[in-house]
Amino acid sequence: MRLSQLVGNRYKERPAEATLDSHALLLRGGYVRQVANGIYSLLPPGLRVARKIEGIIREEMNRIGGQEVLMPVVLPRELWDESGRYDSVGTELARFPDRTGHDMLLAMTHEEAVVNLCRGETSSYAQLPFMVYQIQTKFRDELRSRGGLIRVREFTMKDAYSFHASQDDLRAYYDVCMNAYRRIFARVGLPEVAVVESDPGMMGGLAAHEFILLTDVGEDTIAVCDTCSYRANFEVAKSRPEAYPEEPKPLEKVHTPGKKTIEEVAAFLGIEPRQTVKAVFYDADNQGKLVMVLIRGDLDVNEAKIARHIQREPAPAEEIRIVAAGAVPGYATAIGLDRTTCTILADHSVAESDNLVCGANEVDYHMRNFNLERDLPGVTPMDVAQVRDGDACPVCEGRLWLRRGIEVGNIFQLGTKYTEAMAMTYTDENGETCIPIMGCYGIGVGRLISAVIEIHHDDYGPKWPVSIAPWQVHVNALNLAASGVKDVAETLYTQLTDAGVETLYDDRDCRAGFQFADADLLGAPFRVIVSERNLKKDQLEWKRRDTGDTGAMPLENAAHTIAGWVKEVLENPQSRREESAQQTTA
RNA sequence: CGGGGCGUAGCGCAGUCCGGUUUAGCGCACCUGCUUUGGGAGCAGGGGGUCGCCGGUUCGAAUCCGGCCGCCCCGACCA
């Protein structure tokens, strides 16, 4: 490609709308342009990177037996009625009538579509297991998109779906897929992506993991153990609650006039917040029971955990309902509440402490010496607490720390949620009708582009890994008028291209600094500079964008030499990186 | 949907408070010519704008008032 013909301008200045470095560089380098909030066009360099990433994903999906398919973006509502999601998903699902008034939707994920496709093609256990995948546009009308390509409304996603005859088979394939994901992220230049336990969320299902690139600009929060390999999304992260055992003392009512909050009560009684019980109320559903959550006073409730227990989004309960259930807001206790109208959930932290202060269900009174096991028999402690920085790791003696990250992929063991709802069946060895067990596996392509830039860039532009660089080699011809420069550069460009090297040739008659700045923005890992100065010595100059290493090389056979370098790094990026590092330190 | 910020040429901005010398300006980018040629060159000339949209106030609106739209950030939310 000749740079003089490349579509897309590059900017010297950082666009005002970009807050993330990756977003700013994507705009400055002419990779993407925003069309509307969370909706982008890709210019040639951006598309080339996307295609490279997609190619790597394809190879790894094919390697684990995946078969590529392509399903529509527009689906009829009937498919989503079958799963129930047409009604259960909120406004992020774009719904619209077609010409005849038929309700249609833009797919935000393709479970319904893939089950619809595969149920007609699967009849025997002998066909299982299999995995199909696609690289397709999704649309999610996010409440708020942000951060360039990090969180958008329209995006390209690789989504894969596997079908199995047994849970064990799914679990085994899930691990295979996890390894394929690790290879994908390593190959695109993100070997440090962390595998994290996550919340199956609206997907439903048994187990789920996210692939998180730990970085401060991420929007997910992850609990990471400083000692062992425990990593979990904040929504599911557990910590080991501290135990504060004491000899149980009898319940005792105390006067606490006007003291309603944990802080007020603790201060008034001269105790620590951790010596109290906090009561939080949620509506279980519009008609159903009230949910009362008990947790140690210094901790907070993790509502994602509550959601899993009550199987719906928890909404803070209205005061009227709390009172109707017999509790007194500000002075609430679970003792004596009618458990047929009120579900009581108690966090482990409450069980691990004795002689806590709780409400007395009477205005201006609390109770001392609450002991869960004694005072609320039958209430089984569970984990509903938010992890805090410095909490004890649930699996080792280490500490948990909350870090930010970008979710670049996720995998779910879905089970039979969709196959059952949509009546996908096959016949097993015994002639019985069975329902396949599903897994699904997603990777966001555009988000990966941003993530790679976040990790690999400097003030001047991205430093693309060779595997996904829009061009592998950037040829600069300095001063086309100088003797020999143009001829040599043109020949080099032709030879490199003929050798299969993806080459961007800056054939513009402009100053060196101008060319170098554009080269930095376009980020090709290898740069070759043709100048009069070096030609006098029958040499070319080279520079590595990622390591900053520079050197001279003989003009003779230069294209062949460079092609060899590119091939070498493509085949073994790690060794080359170490080699470069050694050169740098030497 | 709540809170905050912004909307003037492809990009970055000034001008808006306090209406009128502003034919609406500056830098980058772009076009022409000459001089330059190793980290975003210099000089000279040039093109490009319904000042987000609609309405109102006024002799006169980028500027004041009302409504709407869009974009960015924070929050709620998120296979």
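So you know, we letter chains A, B, ... as the sequences are listed, proteins then strands, and number each from 1.
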| field | Spacing of the C1' atoms in B:G25 and B:A14 (rounded, Å) | value | 8 Å
| said: Is any side-chain heavy atom of A:Asp300 closer than 4.5 Å to one of A:Lys278? | reply: yes
| request: For B:G15 and B:G75, measure between their P atoms and round to the nearest Å. | output: 30 Å
| field | Residues in side-chain hydrogen bond (donor to acceptor under 3.5 Å, both in side chains) contact with A:Arg2, at least two apart in sequence or another chain | value | A:Glu490
| query | Given the P atoms of B:G60 and B:G12, what is the spacing between them in whole Å? | reply | 35 Å
| field | P-based separation of B:C31 from B:U23 [nearest Å] | value | 30 Å
| task | Give a yes-or-no answer on whether the side chains of A:Thr215 and A:Glu454 include a donor-acceptor pair shorter than 3.5 Å. | result | no
| remark: When both distances are under 3.5 Å in a Watson-Crick or G-U wobble arrangement, the nucleotide paired with B:C1 is B:G75
| message | Test of understanding: with side-chain contact (heavy atoms from CB on, under 4.5 Å), list the residues that count as partners of A:Ala180, not counting sequence neighbours. | response | A:Met61, A:Ile64, A:Arg183
| query | Which residue, A:Glu541 or A:Glu235, contacts RNA chain B at a nucleotide closer to its 5' end, judged by nearest heavy atom? | reply | A:Glu541
| query | Listed by chain and number, what are the side-chain contact (heavy atoms from CB on, under 4.5 Å) partners of A:Leu299, not counting sequence neighbours? | reply | A:Ile295, A:Arg296, A:Asp347, A:Ser349, A:Ala385, A:Arg388
| request: Please report, rounded to the nearest Å, how far the P atom of B:C78 is from the CD atom of A:Glu219. | output: 12 Å
| query | Looking only at atom C1', what distance separates B:A41 and B:A29, rounded to whole Å? | reply | 15 Å
| query | Atom CG of A:Leu478 and atom P of B:U36: how far apart are they, to the nearest Å? | reply | 17 Å
Report each atom pair, protein N/O against N/O of nucleotides 24-26 of chain B, whose distance is under 3.5 angstrom.
none

| request: Please state the C1' separation for the pair B:G4 and B:A9 - nearest whole angstrom. | output: 28 Å
| query | Mind checking who B:U50 pairs with, Watson-Crick or G-U wobble, both distances under 3.5 Å? | reply | none
| message | Counting only Watson-Crick pairs (N1-N3 plus N6-O4 or O6-N4) and G-U wobbles (N1-O2, O6-N3), all under 3.5 Å, who is the partner of B:U57? | response | none
| field | Partner residues of A:Thr416 under the side-chain hydrogen bond (donor to acceptor under 3.5 Å, both in side chains) criterion, sequence neighbours left out | value | A:Glu420
| field | Residue pairs involving residues 148-160 of chain A (criterion salt bridge (Lys or Arg N to Asp or Glu O under 4.0 Å); sequence neighbours excluded) | value | A:Lys138-A:Asp159, A:Asp141-A:Arg153, A:Glu142-A:Arg151, A:Arg151-A:Glu219
| message | The criterion is salt bridge (charged side-chain N to carboxylate O under 4.0 Å, His left out); which residues satisfy it with A:Glu407, sequence neighbours excluded? | response | none
| said: Suppose we define a pair by two distances each less than 3.5 Å, Watson-Crick or G-U wobble; what does B:C28 pair with here? | reply: B:G10
| query | Does A:Arg33 count as lying over the ring of A:Tyr40, i.e. NZ or CZ under 6.0 Å from the six-ring centre, within 45 degrees of the axis? | reply | no
| said: I need the CD-P distance between A:Glu303 and B:C78, as an integer number of Å. | reply: 10 Å
| request: Would you please name every residue forming a side-chain contact (heavy atoms from CB on, under 4.5 Å) with A:Lys537, sequence neighbours left out? | output: A:Asn534, A:Gln539
| note | Result for 5'-nearest mapping on RNA chain B, choosing between A:Asp509 and A:Phe155, is A:Asp509
| Got a sec, which residues hit side-chain contact (heavy atoms from CB on, under 4.5 Å) with A:Ala451, two or more places apart in sequence or on another chain? | A:Leu190, A:Leu213, A:Ile406, A:Val408
| query | Expressed in angstrom and rounded to an integer, what is the separation of A:Ile529 atom CD1 from B:U37 atom P? | reply | 18 Å
| said: Generate the contact string for nucleotides 39-45 of chain B. Rules: B means base contact, S means sugar-phosphate contact only, - means no protein heavy atom under 4.0 Å. | reply: BBB----
| Complement of B:G19, any strand, by Watson-Crick or G-U distances under 3.5 angstrom | none
| said: Give me the distance, rounded to whole Å, that separates B:U16 from B:A24 when you measure between the C1' atoms they each carry. | reply: 13 Å
| Just how far, in rounded Å, is P of B:G48 from CG of A:Asn9? | 19 Å
| task | Output all residues satisfying salt bridge (charged side-chain N to carboxylate O under 4.0 Å, His left out) with A:Asp487, sequence neighbours left out; order by chain, then residue number. | result | none
| message | If I pick the P atom on B:A61 and the same atom on B:G20, what distance separates them, to the nearest angstrom? | response | 11 Å
| Does a side-chain N-to-carboxylate-O contact under 4.0 Å join A:Asp459 and A:Arg14? | no
| message | Under 3.5 Å for both donor-acceptor distances, Watson-Crick or wobble: does B:A41 have a partner, and if so which one? | response | B:U35
| query | Once you round it to whole Å, what is the distance between C1' of B:A29 and CG of A:Leu6? | reply | 16 Å
| message | Need one value for A:Asp220: base, sugar-phosphate or nothing, where a base atom within 4.0 Å counts as base even if backbone is also close, heavy atoms only. | response | nothing
| For atom CG of A:Leu143 and atom C1' of B:C78, their distance in whole Å | 7 Å
Polar atom pairs (N or O), protein with nucleotides 67-73 of chain B, under 3.5 Å:
residue: B:C71; atom: OP1; partner: A:Asn37; partner atom: N; Å: 2.6
residue: B:C71; atom: O3'; partner: A:Gln34; partner atom: OE1; Å: 3.4
residue: B:C72; atom: OP1; partner: A:Gln34; partner atom: NE2; Å: 2.8
residue: B:C72; atom: OP2; partner: A:Asn37; partner atom: ND2; Å: 2.3
residue: B:C73; atom: OP1; partner: A:Gly147; partner atom: N; Å: 3.3

